There are 2 protein chains.
Amino acid sequence: MVRLKPEETRQRIMDSAQRLFVERGYFNTVIPDIVRDSEISIGSIYHHFANKQDLAKALYQETLQTFLREMHSCTDHLTGVKNKLNAVVQFIYTLCEDNPIQMEYMLFMRHNEIFPEHIPICLSEPFKAVEEWIEDGIASGDVTPGIPLLMAGVFMGGILKVVELKLRGVLKQPLPEVVNQTFVLAWRSIAK
Amino acid sequence: MVRLKPEETRQRIMDSAQRLFVERGYFNTVIPDIVRDSEISIGSIYHHFANKQDLAKALYQETLQTFLREMHSCTDHLTGVKNKLNAVVQFIYTLCEDNPIQMEYMLFMRHNEIFPEHIPICLSEPFKAVEEWIEDGIASGDVTPGIPLLMAGVFMGGILKVVELKLRGVLKQPLPEVVNQTFVLAWRSIAK
DNA sequence: GTCTATAATACGATAGAC
DNA sequence: GTCTATCGTATTATAGAC
């Protein structure tokens, strides 16, 4: 076993934790599982993180932060609702192919069972951005008039359910093959 | 404490378990919590159910069975995709108002963390029914041509995300007030 | 069938050497 | 900073009286 830099040790622990949390759930993952998978000792894990929940929290925050930064870098330079929404959908579907673990972690982990106060990721910043773009779209006449929250829900719900179908193995095609068709369907629900 | 019939005892245990599983999650609910909430002794719980997982399994099967029976009684007498889909949406939104615990239990419990083999409820029978109706709709010309699985995903995803918004307290209006508007949005995505 | 008291164990977390 | 060995406790499940 080669000796790692402390930062690499920390990252290894988080990578293993994310995979195991997704595969078996937080409560079904015990510290010795993380020890086996990461090949980092339990003492070292408790050196980097105060306890199991603290590890989960760091993982949650860093994953969400990365996602938001990358999402914004895909959309910020674009103008118009349709372009922005399309870019988000392309980004999500690509991420789901490249890193299904991260996608599943964000979409389906019951973070509120770990941190009692928590809001589901899909209703937080990314979702609010979509809602605001739709509001702008109504104002500019690109989107049919209605309740923006409802429209954002219907739009993103449709997009994300297809991701779920893929992650569950129900949908066989790679997401990039169906991304355009799916976007057209979801866009039709709110387009003027 | 009045003496209950055995069948009432069993039902009380399941009602408490469902509420607690939804509120704090399966793994955060310990047997003594169910004892306190149901006011049934631990010995009696273990008389009716072999163990905690067996209780969860009975709860899952009976909840799903009830849902399917009621859903079919809402749709079986109707003809045409649009009518059937509308009836399902009305049924789901009404159920969500009447029994949000049951709705949340079905939509968001990670049943596969409890029963390793499990399929998420929303991808099982009810979802397949929607997919088949859409197939029929394409054949009859009511629905735009495309991949039925994808269209069922976009349609039901949109419908269910609004339920999620309601259950999470993000959407303030009662669902019956927005059910028609939501159906119109989701229907537009797949209508010819 | 229902209850109380208790056993068995699995887990998170710590102590202390290197 | 990393490791191994171990503790304390919370939780599931059982035993046995009524």
Side-chain angles (χ1 to χ4, degrees), chain A residues 1-60 62 109-116 118, chain B residues 1-60 62 109-116 118:
Chain A
M1 180 69 204
V2 285
R3 192 165 180 100
L4 298 170
K5 290 181 205 162
E7 181 46 45
E8 289 170 338
T9 301
R10 195 185 129 92
Q11 193 57 48
R12 264 184 92 94
I13 297 164
M14 294 222 291
D15 288 346
S16 287
Q18 187 173 54
R19 256 231 351 278
L20 293 167
F21 289 174
V22 165
E23 283 171 6
R24 7 180 130 166
Y26 174 80
F27 295 101
N28 289 325
T29 303
V30 301
I31 307 290
D33 291 334
I34 301 177
V35 170
R36 266 188 298 279
D37 190 84
S38 63
E39 296 177 291
I40 308 290
S41 70
I42 185 168
S44 201
I45 291 175
Y46 277 98
H47 172 78
H48 283 279
F49 303 97
N51 50 46
K52 191 184 172 185
Q53 179 168 337
D54 181 63
L55 161 57
K57 192 152 203 164
L59 178 59
Y60 176 84
E62 291 173 35
M109 282 276 299
R110 301 287 320 259
H111 300 101
N112 59 331
E113 286 183 13
I114 309 170
F115 329 116
H118 241 279
Chain B
M1 181 65 205
V2 285
R3 192 163 179 99
L4 297 170
K5 290 182 206 164
E7 183 45 46
E8 288 170 340
T9 301
R10 196 185 129 92
Q11 194 57 50
R12 263 184 91 97
I13 296 164
M14 292 222 291
D15 288 347
S16 286
Q18 187 175 53
R19 254 231 353 277
L20 292 167
F21 289 173
V22 165
E23 282 170 6
R24 7 181 131 163
Y26 175 80
F27 296 101
N28 289 326
T29 302
V30 300
I31 307 289
D33 292 333
I34 301 176
V35 171
R36 265 188 298 279
D37 190 83
S38 63
E39 296 177 290
I40 308 288
S41 71
I42 184 167
S44 200
I45 292 176
Y46 276 97
H47 172 77
H48 284 279
F49 304 96
N51 50 48
K52 190 184 172 185
Q53 179 169 333
D54 180 63
L55 162 57
K57 193 153 202 164
L59 179 59
Y60 175 84
E62 293 175 33
M109 282 276 297
R110 300 287 319 259
H111 300 103
N112 60 330
E113 287 183 13
I114 308 170
F115 329 117
H118 241 282

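Letters A, B, ... are given to chains in the order of the sequence lines, protein chains preceding strands, and every chain is numbered from 1. Remember, predicted model here, so these are calculated numbers, not experimental data.
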For this session: Ignoring the backbone of A:P32, work out which of C:dG12, D:dT4, C:dC3 is nearest its side chain.
Result: C:dG12
Problem set entry | Rounded distance [0.5 Å steps], CD1 in A:I40 versus CD1 in A:I34 | 11.5 Å
For this session: Please report, rounded to the nearest Å, how far the P atom of D:dT4 is from the CD1 atom of A:I40.
Result: 11 Å
For this session: Please report, rounded to the nearest Å, how far the P atom of C:dG1 is from the CZ atom of B:F49.
Result: 13 Å
Exercise. Just how far is it from atom CZ of B:R110 to atom CZ of A:R110, taken to the nearest 0.5 Å?
Worked result: 8.5 Å
Problem set entry | Interatomic spacing from CG in A:N51 to NZ in A:K57 - rounded to 0.5 Å | 10.5 Å
Problem set entry | Contact under 4.0 Å: A:H47 side-chain N or O vs D:dT2 OP1/OP2 | no
For this session: Take the C1' atoms of the five end pairs on each side of the helix from C:dG1-D:dC18 to C:dC18-D:dG1, derive the two axes, and give their angle rounded to 10 degrees.
Result: 0°
Exercise. Mind checking whether B:H111 and B:H118 have parallel, tilted or perpendicular rings, split at 30° and 60°?
Worked result: tilted
Exercise. Can you check the A:I45 CD1 to D:dT2 P distance for me, whole Å?
Worked result: 11 Å
Exercise. A:I42 has a side chain; which of C:dC3, D:dT2, D:dT4 sits nearest to it?
Worked result: D:dT4
Problem set entry | side-chain hydrogen bond (donor to acceptor under 3.5 Å, both in side chains) partners for A:Y46, two or more places apart | none
For this session: Write down the distance between CD1 (A:I13) and P (D:dT2), rounded to a whole number of angstrom.
Result: 8 Å
Seminar exercise, completed: Atom CD1 of B:I31 and atom P of D:dA10 are separated, to the nearest Å, by 17 Å
Exercise. Nearest of D:dT2, C:dT14, C:dC3 to any side-chain atom of B:S44?
Worked result: C:dC3
Problem set entry | For atom NZ of B:K52 and atom C1' of C:dA10, their distance in whole Å | 14 Å
For this session: Can you spot which of A:K52, A:R19, A:R24 makes a salt bridge (Lys or Arg N to Asp or Glu O under 4.0 Å) with A:D33?
Result: A:R24
Exercise. A:F27 has an atom CZ; how far is it from atom C1' of C:dA10, in whole Å?
Worked result: 16 Å
Exercise. Would a distance-only check, ignoring hydrogens and angles, find a side-chain to backbone donor-acceptor pair under 3.5 Å from B:T29 to B:L20?
Worked result: yes
For this session: Choose from D:dT2, C:dT2, D:dT11 the nucleotide whose nearest atom is closest to any side-chain atom of A:H48.
Result: D:dT2
Problem set entry | Nearest-nucleotide pick for B:Y46, side chain only, options being C:dC3, C:dG12, D:dT12 | D:dT12
Problem set entry | Rounded distance in Å - CG (B:N28) to C1' (D:dA10) | 13 Å
Problem set entry | A:T9 side-chain N/O to D:dT2 phosphate OP1/OP2 under 4.0 Å | yes
